[in-house]
> 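Structure in structure tokens, see below.
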Amino acid sequence: MIWSLLKVGIFLCLAAVITWGAGQIMEDPGEVLIAFGGQEVRLQPLDFIVALAVLLLAFWLLLKLAGLIVATIRFFAGGDSAVGRWWNRGHERRGFDSLRDALIAISAGEGKMALRYAEKAERNLDRPALTRMVMAQAADLAGNPARAEAQYRQLLEDDKTRFVGVLGLMKQRLAEGKTEVALKLAEKAFTLKPAHEGVMETLFSLQTGAGDWSGARETLKAQVKARILPRDVGARRDAVLALAIARSAEAEGQIAAAQAAAAEAISLSPGLVPAAVTAARLKAASGDRKAAERILRRAWEATPHPELAEGFAALVPEEDPETRRKRFQVLLGVHVEHPQTKMLATELALSAEDFPGARRALGDLAESRPTARVLALAAAIERGEGAPDHVVRGFLARALSAPRGEQWICSVCNHVHAEWVPICENCGAFDTLTWQQAAQPDAPQIGDDAALPVIIGAKDPSAADVPADPEAAPGTADDGPETAAATSRSETTAPVDLGKTKQSEPDRAA
């Protein structure tokens, strides 16, 4: 608004100055004398001004005519000129219109229409980098990968579009399942644009899928540095990668390298149970049993886990039950109310044939947390104390249909794994396995009560046809976790091998 008022004021001032000047000239009786070549021309001031304006206008028209002639000559000679630009302006406008329509068609998922518009844009526009990118996307969408690949390869020739070409080829190789070629292309794309989030995620996924744990660690550092991942998530994933390196080195016989990687995994993520188990196993293999026990004890203090107890037992495989029971006191004295601690104490008591002690250790888990493992332990206690056969059968019947309890479950696809692995065996996701109970109870591993006599030791298979006392075995279908101390693995990890349970005289007779 202020600028508009200012322009109006300037115009009025100029008009006033011109009017005043014209008035002064009209009142002045003088004249203008022009002498040239012996000729004199006398003009009144106003006539002189008009003649001067006409001459300036003629000179300007002459310049424009000369420019037009020069431009016409250059146009027919093949050079760029204003005439050429005017001639091409219509093509450029139609090209950009086609390009716009192609992008709209790509957004709408209309591949064939997008391809037609992209072809028109390519004919009318002299922008190969732009039209090739749109053409490649349209060809991909239209189901013409060969044409799309040709466009992507042409994009590799220009430094400005090379990244787009590599990215497009990488996606094509991924769609074809050629992961090795896709990995090399992803590495090239990462070199061209190290901070590209999508490239880093794809590269990390391909590296972990190919078992390139060291390369994946470098990519992970770049992700954390670019703030794509929080530092705590990056540390956890780095620990998993270090553990994978330790396992690979152990398989190749490189014990020293495996020990260093496992120790790094523990320092990065102290709560990673498989790392503690691997580090303890490697320490024990090198003869340092005390260090191995210390690693497992610290991990147990953080979170009791059956794999930690299994690893602790494996440190001295040939010890007798009483000696093992005493050695395990360093674990049993921590988290005494934790279900894993109670089940471990029960198994140790059973291996030592201390059935009353096993009953005390198990407590009320058969009612408060009736998993298959708990119910199997309860059945072993009943059998060891000489309980009637139908009582043992009742606990085992409940255990057969009880939930498995905590297991290694993928948080993405809910696939259950028998053991921990860095990559889900079902969906391929990295570091998604968590120790948890399945949302739905698993199907019974043995689908018929005919298997019960085999489990409890009955000699006559026909005994399975004898119905159990309905009051003595009222098992529910939705209770419980794992199998027995000496027979089964129910929470994905086997209970510690604590020896066989002593049978009572009635059981031997059976």
Side-chain angles (χ1 to χ4, degrees), residues 63-179 181-203:
L63 289 177
K64 289 294 182 180
L65 180 61
L68 179 62
I69 293 172
V70 173
T72 304
I73 295 173
R74 290 180 62 189
F75 172 74
F76 285 108
D80 187 24
S81 63
V83 175
R85 289 192 296 271
W86 176 84
W87 182 266
N88 293 326
R89 190 173 298 128
H91 291 277
E92 187 176 73
R93 183 176 61 255
R94 288 191 294 272
F96 278 113
D97 289 343
S98 299
L99 192 65
R100 176 202 61 202
D101 294 337
L103 292 173
I104 293 174
I106 290 174
S107 300
E110 299 174 342
K112 293 183 179 179
M113 184 177 294
L115 192 57
R116 288 198 299 270
Y117 284 126
E119 290 171 348
K120 291 181 180 178
E122 188 178 31
R123 288 195 300 268
N124 290 290
L125 281 179
D126 188 19
R127 305 287 181 89
L130 184 60
T131 54
R132 284 170 184 170
M133 287 190 290
V134 177
M135 182 80 73
Q137 295 182 39
D140 264 334
L141 190 61
N144 192 342
R147 187 169 186 179
E149 181 173 349
Q151 297 295 328
Y152 286 132
R153 291 191 180 279
Q154 289 180 349
L155 291 173
L156 298 177
E157 301 171 0
D158 190 346
D159 291 339
K160 295 181 179 179
T161 60
R162 182 172 292 115
F163 174 76
V164 178
V166 173
L167 197 64
L169 293 173
M170 180 193 71
K171 292 179 178 179
Q172 284 194 322
R173 298 295 89 81
L174 284 174
E176 296 169 359
K178 299 178 179 179
T179 54
V181 181
L183 176 57
K184 294 180 180 178
L185 290 169
E187 291 172 349
K188 179 63 177 179
F190 180 69
T191 304
L192 294 173
K193 280 195 175 182
H196 193 279
E197 181 176 354
V199 169
M200 282 192 282
E201 291 178 355
T202 303
L203 177 59

> What's the verdict on salt bridge (Lys or Arg N to Asp or Glu O under 4.0 Å) for Asp97 and Arg100, showing C-alpha distance, side-chain angles and the deciding distance?
CA-CA 5 Å; Asp97 289 343; Arg100 176 202 61 202; 3.7 Å; yes
> Let me know which of Thr202, Leu183, Leu185 forms a side chain to side chain contact (heavy atoms under 4.5 Å, CB included) with Leu174.
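That would be Thr202.
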> With rounding to the nearest 0.5 angstrom, report the CG to CD distance, Leu203 to Glu201.
11.0 Å
> Begin with the C-alpha distance, continue with both residues' side-chain angles, and end with the deciding distance and a verdict on side-chain contact (heavy atoms from CB on, under 4.5 Å) for Leu115 and Met135.
CA-CA 6 Å; Leu115 192 57; Met135 182 80 73; 3.6 Å; yes
> Please name the pair of heavy atoms, one in Ala118 and one in Ala102, separated by the smallest distance, quoted to 0.1 Å.
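Shortest heavy-atom separation between Ala118 and Ala102 comes out as N-CB, 3.8 Å.
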> Output the distance between atom CZ (Arg162) and atom NZ (Lys188), rounded to the nearest 0.5 Å.
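Answer for the CZ-NZ pair, Arg162 versus Lys188, is 6.5 Å.
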> Apply side-chain contact (heavy atoms from CB on, under 4.5 Å) to residues Ile104 and Tyr117 and explain how you reach the verdict.
CA-CA 10 Å; Ile104 293 174; Tyr117 284 126; over 6 Å; no
> What side-chain donor-acceptor pairs closer than 3.5 Å can you find for residues 137-150, not counting sequence neighbours?
{"unit_1": "Asp140", "atom_1": "OD1", "unit_2": "Gln172", "atom_2": "NE2", "d": "3.4"}
{"unit_1": "Asp140", "atom_1": "OD2", "unit_2": "Tyr152", "atom_2": "OH", "d": "3.0"}
{"unit_1": "Asn144", "atom_1": "OD1", "unit_2": "Arg147", "atom_2": "N", "d": "3.3"}
{"unit_1": "Arg147", "atom_1": "NH1", "unit_2": "Glu119", "atom_2": "OE2", "d": "2.8"}
{"unit_1": "Arg147", "atom_1": "NH2", "unit_2": "Glu119", "atom_2": "OE2", "d": "3.0"}
{"unit_1": "Glu149", "atom_1": "OE1", "unit_2": "Arg173", "atom_2": "NH2", "d": "3.4"}
{"unit_1": "Glu149", "atom_1": "OE2", "unit_2": "Arg153", "atom_2": "NE", "d": "3.2"}
{"unit_1": "Glu149", "atom_1": "OE2", "unit_2": "Arg153", "atom_2": "NH2", "d": "2.9"}

> Evaluate the side-chain proximity of Leu192 to Val199: yes if any heavy-atom separation is below 4.5 Å, no if none is.
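A side-chain contact is absent here, since even the closest heavy-atom pair is not under 4.5 Å.
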> Show your reasoning for whether side-chain contact (heavy atoms from CB on, under 4.5 Å) applies to Phe96 and Arg127.
CA-CA 10 Å; Phe96 278 113; Arg127 305 287 181 89; 3.7 Å; yes
> What distance separates Met200 CE from Lys193 NZ, expressed to the nearest 0.5 Å?
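Met200 CE to Lys193 NZ: 12.0 Å, rounded to 0.5 Å.
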> Without swapping roles, check the side chain of Thr161 against the backbone of Glu157 for a donor-acceptor pair under 3.5 Å.
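No; judged by distance alone, with no hydrogens or angles, the pair does not exist.
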> With rounding to the nearest 0.5 Å, note down the distance linking CD in Glu122 to CG in Leu99.
11.0 Å
> Determine the minimum heavy-atom distance between Leu125 and Glu92, stating which atoms define it.
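Reported closest heavy-atom pair: CD2-O, 3.7 Å.
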> If you round to the nearest 0.5 Å, how far is CE of Met133 from CD of Gln151?
11.0 Å
> Identify the heavy atoms of Ala129 and Leu155 that sit nearest to each other, and give their distance.
O-CD2, 3.9 Å
> Looking only at non-hydrogen atoms, find the nearest pair between Ala121 and Gly95 and report the distance.
CB-O, 3.6 Å
